[in-house]
Asks: 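I have a structure here, written as C-alpha coordinates, and I will follow up with some questions on it.
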Amino acid sequence: MKKFFITCLYLSLTVAVCTAGFLLPSMLNDYQDRLIFAKIEHTAIEPPELTYSSSLFDTLRLLSKDHYFVEYPSAGSSRTGEEIYAAACRLLKQLTEYGVLSPDSAYDITNYTTALQLAIVSDSTQPSDSSTDHTLPSAVDAQKAKKDHSGKSAADITTAVVWSCGIYFNSGYWINIWFDDKSGKAVAGSMFTEQAQILTSSGSQELDVYADAVAAFAEHYYELPAAALKQSFVHTYNTLFEKKDSIIEAYYTIQLKEETGTSIELPLKIRPECIIIN
(Lines give C-alpha, C1' and ligand atoms only; values in the text may rest on other atoms or scores of the structure.)
Protein backbone atom coordinates (compact mmCIF):
# COMPACT_ATOMS: atom_id res chain seq x y z
CA MET A 1 0.00 0.00 0.00
CA LYS A 2 2.88 2.36 0.81
CA LYS A 3 4.44 1.77 -2.63
CA PHE A 4 1.06 2.56 -4.24
CA PHE A 5 0.85 5.94 -2.51
CA ILE A 6 4.44 6.80 -3.46
CA THR A 7 3.72 5.89 -7.09
CA CYS A 8 0.63 8.10 -7.10
CA LEU A 9 2.62 10.96 -5.59
CA TYR A 10 5.30 10.68 -8.29
CA LEU A 11 2.65 10.59 -10.99
CA SER A 12 0.92 13.68 -9.57
CA LEU A 13 4.20 15.58 -9.40
CA THR A 14 5.02 14.56 -12.98
CA VAL A 15 1.62 15.72 -14.25
CA ALA A 16 1.97 19.03 -12.35
CA VAL A 17 5.44 19.69 -13.79
CA CYS A 18 4.27 18.88 -17.33
CA THR A 19 1.22 21.11 -16.97
CA ALA A 20 3.30 24.00 -15.61
CA GLY A 21 5.80 23.59 -18.45
CA PHE A 22 2.98 23.69 -20.98
CA LEU A 23 1.16 26.74 -19.55
CA LEU A 24 4.16 28.80 -18.43
CA PRO A 25 5.08 30.25 -21.89
CA SER A 26 1.49 31.33 -22.51
CA MET A 27 1.25 32.95 -19.09
CA LEU A 28 4.52 34.79 -19.62
CA ASN A 29 3.35 36.09 -23.01
CA ASP A 30 0.09 37.37 -21.51
CA TYR A 31 2.00 39.07 -18.72
CA GLN A 32 4.37 40.77 -21.17
CA ASP A 33 1.46 41.91 -23.32
CA ARG A 34 -0.18 43.54 -20.31
CA LEU A 35 3.05 45.34 -19.43
CA ILE A 36 3.47 46.64 -22.99
CA PHE A 37 -0.18 47.72 -23.27
CA ALA A 38 0.07 49.57 -19.95
CA LYS A 39 2.97 51.64 -21.31
CA ILE A 40 1.11 52.75 -24.47
CA GLU A 41 -0.33 56.27 -24.24
CA HIS A 42 -3.99 56.38 -25.16
CA THR A 43 -5.12 59.83 -26.26
CA ALA A 44 -8.72 60.69 -25.48
CA ILE A 45 -10.95 61.07 -28.54
CA GLU A 46 -12.90 64.29 -28.08
CA PRO A 47 -15.88 65.39 -30.16
CA PRO A 48 -15.17 68.18 -32.64
CA GLU A 49 -15.68 71.76 -31.46
CA LEU A 50 -19.13 73.04 -32.42
CA THR A 51 -19.27 76.63 -33.65
CA TYR A 52 -22.79 78.00 -33.72
CA SER A 53 -24.37 80.25 -36.31
CA SER A 54 -25.11 83.66 -34.86
CA SER A 55 -26.87 85.18 -37.88
CA LEU A 56 -29.55 84.32 -40.42
CA PHE A 57 -27.11 84.56 -43.32
CA ASP A 58 -24.64 82.15 -41.69
CA THR A 59 -27.47 79.64 -41.26
CA LEU A 60 -28.42 80.05 -44.93
CA ARG A 61 -24.83 79.34 -45.95
CA LEU A 62 -24.56 76.35 -43.62
CA LEU A 63 -27.69 74.67 -44.98
CA SER A 64 -26.48 75.16 -48.55
CA LYS A 65 -23.65 72.73 -47.70
CA ASP A 66 -23.92 69.00 -47.03
CA HIS A 67 -25.37 68.64 -43.56
CA TYR A 68 -27.40 66.40 -41.29
CA PHE A 69 -29.71 66.93 -38.33
CA VAL A 70 -29.73 65.68 -34.73
CA GLU A 71 -32.41 66.23 -32.12
CA TYR A 72 -31.92 69.34 -30.00
CA PRO A 73 -33.44 69.86 -26.54
CA SER A 74 -36.56 72.02 -26.65
CA ALA A 75 -35.21 74.06 -23.73
CA GLY A 76 -32.58 75.40 -26.14
CA SER A 77 -35.09 77.81 -27.70
CA SER A 78 -37.43 80.46 -26.37
CA ARG A 79 -39.80 79.80 -29.29
CA THR A 80 -42.60 77.27 -29.33
CA GLY A 81 -43.87 74.84 -31.93
CA GLU A 82 -47.11 76.86 -32.20
CA GLU A 83 -45.13 80.00 -33.06
CA ILE A 84 -43.20 78.14 -35.75
CA TYR A 85 -46.41 76.76 -37.24
CA ALA A 86 -47.89 80.27 -37.36
CA ALA A 87 -44.74 81.51 -39.12
CA ALA A 88 -45.04 78.63 -41.61
CA CYS A 89 -48.66 79.56 -42.40
CA ARG A 90 -47.65 83.16 -43.07
CA LEU A 91 -44.82 81.91 -45.27
CA LEU A 92 -47.18 79.73 -47.33
CA LYS A 93 -49.30 82.80 -48.05
CA GLN A 94 -46.24 84.76 -49.21
CA LEU A 95 -45.03 81.88 -51.38
CA THR A 96 -48.44 81.76 -53.04
CA GLU A 97 -48.41 85.51 -53.68
CA TYR A 98 -45.07 85.21 -55.51
CA GLY A 99 -46.05 82.12 -57.48
CA VAL A 100 -43.58 79.84 -55.71
CA LEU A 101 -46.65 77.87 -54.69
CA SER A 102 -49.39 77.60 -57.27
CA PRO A 103 -52.42 79.71 -56.30
CA ASP A 104 -54.64 77.30 -58.25
CA SER A 105 -54.00 74.47 -55.82
CA ALA A 106 -55.99 73.93 -52.65
CA TYR A 107 -53.83 73.85 -49.52
CA ASP A 108 -56.20 72.65 -46.83
CA ILE A 109 -53.97 71.79 -43.89
CA THR A 110 -54.87 68.59 -42.07
CA ASN A 111 -51.89 68.22 -39.75
CA TYR A 112 -48.47 69.63 -38.88
CA THR A 113 -45.37 68.67 -36.90
CA THR A 114 -42.56 70.75 -35.40
CA ALA A 115 -39.18 69.82 -33.92
CA LEU A 116 -36.12 71.69 -32.72
CA GLN A 117 -32.97 70.38 -34.41
CA LEU A 118 -29.26 70.98 -34.62
CA ALA A 119 -27.95 71.20 -38.20
CA ILE A 120 -24.33 70.04 -38.45
CA VAL A 121 -22.05 70.37 -41.47
CA SER A 122 -21.20 66.90 -42.76
CA ASP A 123 -17.65 65.64 -42.28
CA SER A 124 -15.87 62.39 -41.39
CA THR A 125 -17.93 62.09 -38.17
CA GLN A 126 -21.16 61.55 -40.11
CA PRO A 127 -22.12 57.85 -40.33
CA SER A 128 -21.97 56.55 -43.90
CA ASP A 129 -24.46 53.79 -43.15
CA SER A 130 -26.41 52.37 -40.26
CA SER A 131 -23.98 49.50 -39.77
CA THR A 132 -21.06 51.78 -38.93
CA ASP A 133 -20.68 52.86 -35.33
CA HIS A 134 -19.65 56.50 -34.94
CA THR A 135 -19.84 58.76 -31.93
CA LEU A 136 -21.68 61.97 -32.76
CA PRO A 137 -21.46 65.06 -30.56
CA SER A 138 -24.35 65.16 -28.11
CA ALA A 139 -26.75 68.01 -28.68
CA VAL A 140 -27.20 68.35 -24.93
CA ASP A 141 -23.45 68.64 -24.40
CA ALA A 142 -23.28 71.05 -27.30
CA GLN A 143 -25.86 73.27 -25.67
CA LYS A 144 -23.85 73.40 -22.46
CA ALA A 145 -20.71 74.30 -24.38
CA LYS A 146 -22.48 76.94 -26.48
CA LYS A 147 -20.52 80.20 -26.74
CA ASP A 148 -20.75 83.44 -28.67
CA HIS A 149 -18.93 82.82 -31.95
CA SER A 150 -19.97 86.08 -33.59
CA GLY A 151 -16.31 86.78 -34.32
CA LYS A 152 -15.98 83.62 -36.42
CA SER A 153 -15.94 83.76 -40.20
CA ALA A 154 -18.76 82.08 -42.13
CA ALA A 155 -16.43 79.23 -43.08
CA ASP A 156 -15.91 78.43 -39.37
CA ILE A 157 -19.61 77.94 -38.63
CA THR A 158 -20.35 74.24 -38.26
CA THR A 159 -23.74 74.13 -36.53
CA ALA A 160 -27.04 76.00 -36.43
CA VAL A 161 -30.14 75.58 -34.30
CA VAL A 162 -33.21 75.34 -36.54
CA TRP A 163 -36.88 74.45 -36.31
CA SER A 164 -38.31 71.84 -38.65
CA CYS A 165 -41.99 72.24 -39.57
CA GLY A 166 -43.87 69.67 -41.64
CA ILE A 167 -47.25 70.72 -43.03
CA TYR A 168 -49.60 68.12 -44.52
CA PHE A 169 -52.50 68.87 -46.86
CA ASN A 170 -55.81 67.20 -47.53
CA SER A 171 -54.64 66.50 -51.09
CA GLY A 172 -51.95 64.13 -49.80
CA TYR A 173 -49.08 66.51 -50.57
CA TRP A 174 -46.86 68.06 -47.92
CA ILE A 175 -44.19 70.71 -47.34
CA ASN A 176 -41.20 70.71 -45.00
CA ILE A 177 -39.78 74.09 -43.94
CA TRP A 178 -36.77 74.84 -41.74
CA PHE A 179 -36.61 78.08 -39.74
CA ASP A 180 -33.58 79.77 -38.22
CA ASP A 181 -34.09 79.68 -34.46
CA LYS A 182 -32.62 83.12 -33.78
CA SER A 183 -34.35 85.17 -36.47
CA GLY A 184 -37.46 83.05 -37.01
CA LYS A 185 -36.90 83.26 -40.79
CA ALA A 186 -37.22 80.33 -43.18
CA VAL A 187 -33.85 79.03 -44.38
CA ALA A 188 -34.75 75.92 -46.41
CA GLY A 189 -37.74 74.06 -47.77
CA SER A 190 -38.86 70.91 -49.57
CA MET A 191 -42.22 71.08 -51.35
CA PHE A 192 -43.82 67.79 -52.38
CA THR A 193 -46.63 69.20 -54.50
CA GLU A 194 -48.25 68.63 -57.87
CA GLN A 195 -46.62 71.84 -59.08
CA ALA A 196 -43.22 70.10 -59.27
CA GLN A 197 -44.48 67.54 -61.75
CA ILE A 198 -46.22 70.22 -63.83
CA LEU A 199 -43.06 72.32 -64.01
CA THR A 200 -40.74 69.51 -65.13
CA SER A 201 -43.18 68.45 -67.83
CA SER A 202 -43.68 72.01 -69.10
CA GLY A 203 -40.20 72.78 -70.42
CA SER A 204 -37.13 74.90 -69.73
CA GLN A 205 -38.82 78.25 -70.35
CA GLU A 206 -41.41 77.68 -67.63
CA LEU A 207 -38.66 76.50 -65.29
CA ASP A 208 -36.72 79.72 -65.89
CA VAL A 209 -39.84 81.75 -65.08
CA TYR A 210 -40.33 79.76 -61.87
CA ALA A 211 -36.70 80.25 -60.81
CA ASP A 212 -37.11 84.02 -61.33
CA ALA A 213 -40.22 83.89 -59.12
CA VAL A 214 -38.21 82.18 -56.37
CA ALA A 215 -35.52 84.87 -56.69
CA ALA A 216 -38.15 87.63 -56.47
CA PHE A 217 -39.56 86.06 -53.32
CA ALA A 218 -36.07 85.70 -51.79
CA GLU A 219 -35.28 89.35 -52.53
CA HIS A 220 -38.44 90.45 -50.73
CA TYR A 221 -38.16 87.96 -47.87
CA TYR A 222 -34.47 88.46 -47.02
CA GLU A 223 -34.38 92.14 -48.12
CA LEU A 224 -31.31 91.53 -50.29
CA PRO A 225 -30.84 91.77 -54.08
CA ALA A 226 -31.38 88.31 -55.59
CA ALA A 227 -31.02 86.69 -59.01
CA ALA A 228 -31.66 83.20 -60.39
CA LEU A 229 -28.64 81.64 -62.09
CA LYS A 230 -29.28 78.67 -64.37
CA GLN A 231 -27.03 75.69 -63.71
CA SER A 232 -28.08 72.59 -65.64
CA PHE A 233 -30.94 70.36 -66.76
CA VAL A 234 -31.08 66.58 -66.73
CA HIS A 235 -33.21 65.07 -69.52
CA THR A 236 -34.62 61.62 -70.10
CA TYR A 237 -33.96 59.77 -73.35
CA ASN A 238 -36.51 59.69 -76.12
CA THR A 239 -38.71 56.62 -76.11
CA LEU A 240 -41.09 55.18 -78.66
CA PHE A 241 -44.04 56.90 -76.97
CA GLU A 242 -42.40 60.28 -76.27
CA LYS A 243 -41.96 62.91 -78.95
CA LYS A 244 -39.39 64.89 -76.98
CA ASP A 245 -37.11 64.56 -73.99
CA SER A 246 -38.65 65.37 -70.62
CA ILE A 247 -36.78 67.15 -67.85
CA ILE A 248 -36.29 65.02 -64.74
CA GLU A 249 -34.05 67.45 -62.81
CA ALA A 250 -33.39 71.19 -63.08
CA TYR A 251 -30.70 72.98 -61.07
CA TYR A 252 -30.51 76.72 -60.35
CA THR A 253 -28.72 78.92 -57.87
CA ILE A 254 -30.52 81.78 -56.12
CA GLN A 255 -27.76 84.32 -55.50
CA LEU A 256 -28.26 86.89 -52.75
CA LYS A 257 -25.95 89.89 -52.35
CA GLU A 258 -25.13 91.29 -48.94
CA GLU A 259 -24.29 94.97 -48.43
CA THR A 260 -20.62 94.03 -48.18
CA GLY A 261 -20.78 92.50 -51.66
CA THR A 262 -20.50 88.96 -50.32
CA SER A 263 -22.82 86.54 -52.09
CA ILE A 264 -25.02 83.86 -50.57
CA GLU A 265 -25.81 81.06 -53.00
CA LEU A 266 -28.90 78.97 -52.32
CA PRO A 267 -29.33 75.84 -54.47
CA LEU A 268 -32.72 75.36 -56.12
CA LYS A 269 -33.54 71.84 -57.33
CA ILE A 270 -36.72 71.06 -59.27
CA ARG A 271 -37.66 67.42 -59.71
CA PRO A 272 -40.91 65.73 -60.75
CA GLU A 273 -41.63 64.73 -57.14
CA CYS A 274 -40.47 67.82 -55.24
CA ILE A 275 -38.94 71.29 -55.25
CA ILE A 276 -36.01 71.85 -52.90
CA ILE A 277 -34.78 75.31 -51.90
CA ASN A 278 -31.45 75.27 -50.08
Asks: Is the count of non-hydrogen atoms from other residues, nucleotides or ligands lying under 6.0 Å from Gln94 atom CD greater than 12?
Replies: yes
Asks: Return the CD1 to CG distance between Ile264 and Leu56, rounded to the nearest 0.5 Å.
Replies: 7.5 Å
Asks: What's the spacing between Lys230 NZ and Ser204 OG if we round to 0.5 Å?
Replies: 5.5 Å
Asks: Are Lys185 and Phe179 in a cation-pi setup, meaning NZ or CZ lies under 6.0 angstrom from the ring centre and within 45 degrees of the ring axis?
Replies: no
Asks: Apply ring-ring contact (aromatic ring centres under 6.0 Å, His included) to Trp163 and list each qualifying residue two or more places apart in sequence or on a separate chain.
Replies: none
Asks: Answer yes if Tyr68 and Leu63 sit in the same cluster of Ile, Leu, Val, Met, Phe, Trp and Tyr residues linked by side chain heavy atoms under 4.5 Å apart, and no otherwise.
Replies: yes
Asks: Could you tell me whether the side chain of Leu224 reaches within less than 4.5 Å of the side chain of Glu219, counting heavy atoms only?
Replies: no
Asks: Which donor-acceptor pairs under 3.5 Å do the side chains of residues 266-278 make with protein atoms, sequence neighbours left out?
Replies:
{"from": "Asn278", "atom 1": "OD1", "to": "Ser64", "atom 2": "N", "distance (Å)": "3.2"}
{"from": "Asn278", "atom 1": "ND2", "to": "Leu60", "atom 2": "O", "distance (Å)": "3.2"}
{"from": "Asn278", "atom 1": "ND2", "to": "Val187", "atom 2": "O", "distance (Å)": "2.8"}

Asks: Strictly by salt bridge (charged side-chain N to carboxylate O under 4.0 Å, His left out), give each pair with a member in residues 78-94 just once, sequence neighbours left out.
Replies: none
Asks: Just wondering, do Tyr221 and Leu91 contact through their side chains at under 4.5 Å, heavy atoms?
Replies: yes
Asks: Answer yes or no: is there a side-chain heavy-atom contact under 4.5 Å between Ile120 and Thr158?
Replies: no
Asks: Before giving the answer on ring pair (Phe, Tyr, Trp, His ring centres under 6.0 Å), spell out for Tyr112 and Tyr85 the whole-Å C-alpha distance, their side-chain angles and the decisive distance to 0.1 Å.
Replies: CA-CA 8 Å; Tyr112 76 91; Tyr85 172 65; 3.8 Å; yes
Asks: Is the closest side-chain donor-acceptor distance between Asp181 and Ser77 under 3.5 Å?
Replies: yes
Asks: Look at the rings of Tyr98 and Phe217 and say which category their plane angle falls in: under 30° parallel, 30 to 60° tilted, over 60° perpendicular.
Replies: perpendicular
Asks: Is Val100 reachable from Ile177 through a run of hydrophobic residues whose side-chain heavy atoms are each under 4.5 Å from the next?
Replies: yes
Asks: Taking side chain as C-beta onward, heavy atoms only, is Ser202 less than 4.5 Å from Tyr210?
Replies: no
Asks: Using a distance-only test with no angle check, is there a side-chain donor-acceptor pair under 3.5 angstrom linking Asp66 and Ser122?
Replies: no
Asks: Between atom OG of Ser190 and atom CH2 of Trp178, what is the distance when rounded to the nearest 0.5 Å?
Replies: 4.5 Å
Asks: Do Ile175 and Tyr168 touch side chain to side chain, with heavy atoms closer than 4.5 Å?
Replies: no
Asks: Taking C-beta and beyond as the side chain, do Phe69 and Leu118 meet within less than 4.5 Å on heavy atoms?
Replies: no
Asks: Distance-only, no hydrogens or angles: does the Tyr252 side chain make a donor-acceptor pair with backbone N or O of Asp208 under 3.5 Å?
Replies: yes
Asks: Starting at OG1 of Thr113, measure out to CD1 of Ile84 and round the result to the nearest 0.5 Å.
Replies: 12.0 Å
Asks: Do Glu265 side-chain atoms and Thr253 backbone N/O form a donor-acceptor pair below 3.5 Å?
Replies: no
